[in-house]
Amino acid sequence: MSILLTTMSSHLIRLPLSAALLAAFATPVLAQSAAPTSVVVVTGSRTEQESFDLPAAVSVVDAQRIQAGQPRVNLSESLVAVPGIVIQNRQNYAQDLQVSSRGFGARSSFGVRGVRLIADGIPATMPDGQGQAATFNLDMAERIEILRGPFSALYGNHSGGVIQLFTRDGEGPPSLELSVAGGSDGLRKTDVNAQGKAGAVGYVLDASRFETDGYRDHSAATRDQAYAKLTLPTGRDGKLTIVANSLEQDDTQDPLGVTWATFQRDPRAGEIDTTDTQSPQRTFAERYNTRKSIDHQQIGLNWQQRFGSNRLQLTAYGGNRRVIQYQSFSRAFQQPATHSGGVIDFDRDFRGVDVNWQDVRTLGAGTLRTTFGVEWADSQDARQGFENFVGTQFGLKGRLRRDEDNRLTSVDPYVQTQWESGAWVLTGGLRHTRLKVGVSDRFRDNGDDSGGTDFNGTVPVIGILRKVSPSLNLYASAARGFETPTLNELFYSAAGAGFNFGLAPSRSVHLEVGAKSMFGQHTRADIALFQARTRNELVVDASNGGRTSYRNAGRTLRQGVELSVASNFAGGWNTLVAANILHAIYDDGFGAIPSGNRLPGVPRASLFSELGWTAADGGLNAALEAQAASRVHPDDANTAVPAPGYGILNVRLQARQQIGAWRLKQYLRVNNLLDRDYVGSVIVAEANRRYYEAAPGRNWMLGISAQYQFQ
């Protein structure tokens, strides 16, 4: 532990000066006070438990931070303060956020891979592990729980980490709220919600529209979201929750990545298509009008029934997702018979069920809590591909190049148990995943790609926690992980044939030790040291003309340390520091990639620090935030120019008033106060070396809301 702490210190010293100075200033003075407090979480143990007593690294982001001077559009707004989680806004709403947990998921070129997403108990991740964070409704969020490390394996395939959103229940007299926000680059958001309780039925209704002209060229987006939640009792000690939501994005522009030379010339600019003889200054994004349209709806229910201290829980859900995406592939790249074209068009139906029973009983001198369950998930895509070189105008599609059905089905039985006696907490679990992949090919001009494969894996988890004192807990945990290829990674093989059914799942071994300490009621500090060894890591094999194939590499190694410290002081002052160091390398070489190379997309160090103040009556608060990260390699060979490290400062100011039945709120936020140019995210292993996606320069947001409480 001392070696890792020394390493962490040396890396933080090399972070940009502005962030490091604020981190040092924000280091808390340990307050002496009454008995410590903790927050109650569900993620990790599947039952309500104080996070302080869980042998795992779990963080909670509450509603106050989610709404801390933010438009509540992206998870990156509030999860930046969580150590071990790297979540980047690509400034590209066609491809969603870039999310990784301890380096898992950093390779994803779109959506979220390697991190399990759950909202109100309903997965936002498909059976193959590909998820979409855009479906989360942050306007009604009560809290977000973030689990890292070994215990993530108990949530199934692709659980390098778990991000679980919980929305508020409708309570009390009815209320109606209107919020509007505006800012740089044409940012506009309007949200209206109603909530309350009618008899025994609680309700929450929300609708919002978000619009932006985009910081980068050709990156405008419009997003419409709707959300409804009903809660009602079912007999004695029972509760039924019904949740429905929708997401609609029409013709969301895709700015694509750019080369290092283009980024240096103009961070906002797109990459010029030098092969375009008709318009020599036109970018690839403009020439092919790269864009994506998304239409997503789902509904789910969660029913809980208690039988004394025992509990039965049933979750069921279903939905549909329709996507049409236009990519920048030229006629030359689409000539091979095996190419599926530059237009992706799929219609997905998905559904799932999770049922579990929790048994609580006395065992010896302690209490034994055991959860038995099984989860079933299924998705079916009607997928087509078309040529795009005639599709740049009026939504036209070219010649058909792909027509098939893709089917994913997973069945996961699991058991998790915890025994607590005195100062000891022992936890264990076991989960078995079986994922079936099936392809039915109806486009036979390039041969019949029909077929299927099964992936099977069993993951055990064990943890132990020792309560050294009421204010100090020590723990250790270990697990085996299991990660199958996603459907997108199975689409092509390097030889130019169809599906790559020869890909194997990656398997990993996770170890973690940590300490959780409280100093009175005013300071909490968490530290975790971890290691993950993976074999059969999935990496890019070949990439050409937009068609990317994958292969299994050898072993990889991830080692690191995470630290978070939060304090409150007299006079309304508070501080927060979240830092992590991650050593992520290829233990084995493969192809032309030597052992020892760093994993792409993963910063070696990152830091968030905040100094805040709140008035005694709570009517005014302000904060200065510092954010920093070290450089990031965009390729496996580590030969491309790495995205340089950066440090930025943000400032926010919030005010609230109560006037009779009215509750009024206002906020002002300025991000990147010093107007730094930096790369916000990278597209790992992009075939044309267009790896870099610029983050905005100095930008501002102003928001107001008014809520009326009916009596």
Side-chain angles (χ1 to χ4, degrees), residues 42-43 46 105 108 111-136 147 152-165 241-245 247 296-303 313-323 346-357 371-383 405-416 429-440 452-459 481-490 505-506:
V42 174
T43 309
R46 298 182 185 273
S108 180
V112 180
R113 176 198 184 281
V115 179
R116 184 84 163 173
L117 304 176
I118 305 171
D120 288 316
I122 298 169
T125 298
M126 293 296 105
D128 64 342
Q130 195 80 43
Q132 303 293 328
T135 60
F136 277 15
L147 176 67
S152 303
L154 285 175
Y155 285 81
N157 182 24
H158 282 260
S159 289
V162 179
I163 300 175
Q164 188 159 192
L165 172 81
T241 302
I242 302 173
V243 177
N245 62 68
L247 167 70
H296 180 107
Q297 301 93 25
Q298 69 181 55
I299 186 170
L301 64 86
N302 179 277
W303 174 61
Q313 179 171 271
L314 169 68
T315 301
Y317 62 93
N320 174 266
R321 183 177 181 87
R322 176 75 190 275
V323 172
F346 71 82
D347 192 350
R348 172 179 299 159
D349 292 321
F350 59 93
R351 59 202 68 83
V353 175
D354 185 350
V355 59
N356 62 71
W357 169 263
T371 301
F372 306 90
V374 61
E375 182 176 356
W376 170 82
D378 178 84
S379 71
Q380 185 170 10
D381 293 0
R383 184 177 295 266
D405 287 334
N406 309 135
R407 186 75 178 265
L408 300 168
T409 304
S410 65
V411 179
D412 290 34
Y414 59 87
V415 60
Q416 188 168 346
L430 196 67
R431 181 171 181 134
H432 179 78
T433 294
R434 182 184 182 189
L435 174 66
K436 296 184 65 175
V437 180
V439 179
S440 178
T453 188
D454 288 5
F455 299 104
N456 290 273
T458 301
V459 293
F482 176 73
E483 187 175 21
T484 71
T486 65
L487 193 61
N488 183 65
E489 292 160 346
L490 290 167
S506 65

Distance from His296 atom NE2 to Asn245 atom CG, nearest 0.5 Å?
6.0 Å
Are the side chains of Trp376 and Thr409 in touch, meaning some heavy atoms are under 4.5 Å apart?
yes
Charged N to carboxylate O below 4.0 Å: is that the case for Asp454 and Lys436?
no
Nearest-0.5 Å distance that lies between atom CG in Asn302 and atom CD in Gln313:
4.5 Å
Are any non-hydrogen side-chain atoms of Tyr317 and Gln298 less than 4.5 angstrom apart?
no
Expected output: side-chain Thr433 to main-chain Gly457 donor-acceptor under 3.5 Å:
no
Would you say Val112 and Thr125 make side-chain contact, with heavy atoms under 4.5 Å?
no
Answer yes if the side chains of Thr371 and Asn356 hold a donor-acceptor pair under 3.5 Å, and no otherwise.
no
Quick one: list whatever passes salt bridge (charged side-chain N to carboxylate O under 4.0 Å, His left out) with Arg46, sequence neighbours left out.
none
Approximate separation, where rounding is to 0.5 Å, of Arg434 CZ and Phe455 CZ
12.0 Å
Let me confirm one number: the CZ-CG distance from Phe350 to Asn320, rounded to the nearest 0.5 Å.
7.5 Å
Pairwise side-chain contact, Val353 with Leu314, heavy-atom cut-off 4.5 Å (strictly under)
yes
I need the Met126 CE to Leu408 CG distance, nearest 0.5 Å.
9.5 Å
When rounded to the nearest 0.5 Å, the distance separating CD of Gln297 from OG1 of Thr135 is 12.0 Å
Quick one: closest heavy-atom pair of Ala133 and Leu117, and the distance?
N-CD1, 3.7 Å
Using a 3.5 Å distance criterion without hydrogens, assess whether the side chain of Asn157 forms a donor-acceptor pair with backbone atoms of Pro127.
yes
Check: Asp354/Tyr414 side-chain N/O donor and acceptor closer than 3.5 Å:
yes
So, Asp128 side chain and Leu487 main chain: donor-acceptor pair closer than 3.5 Å or not?
yes
Would you mind reporting whether Tyr155 and Pro123 have side-chain heavy atoms less than 4.5 Å apart?
no
Could you go through Asn456 and His432, starting from their C-alpha distance and side-chain angles, then the distance that decides it, and tell me whether this counts as side-chain contact (heavy atoms from CB on, under 4.5 Å)?
CA-CA 7 Å; Asn456 290 273; His432 179 78; 3.7 Å; yes
Say whether, by atom type as modelled, one donor and one acceptor occur between the side chain of Asp120 and the main chain of Ile122 under 3.5 angstrom.
no
Heavy-atom side-chain proximity of Arg321 to Asp381 below 4.5 angstrom:
no
Beyond-backbone contact of Ile163 with Phe136, side-chain heavy atoms, under 4.5 angstrom:
yes
Is there a side-chain contact between Arg407 and Asp378 in this structure, where contact means two heavy atoms from C-beta onward sitting under 4.5 Å apart?
yes
Check whether the side chains of Ser506 and Glu483 place a donor and an acceptor atom closer than 3.5 Å, and report yes or no.
yes
Any side-chain to backbone donor/acceptor pair from Arg431 onto Leu154? Under 3.5 Å, distance only.
yes
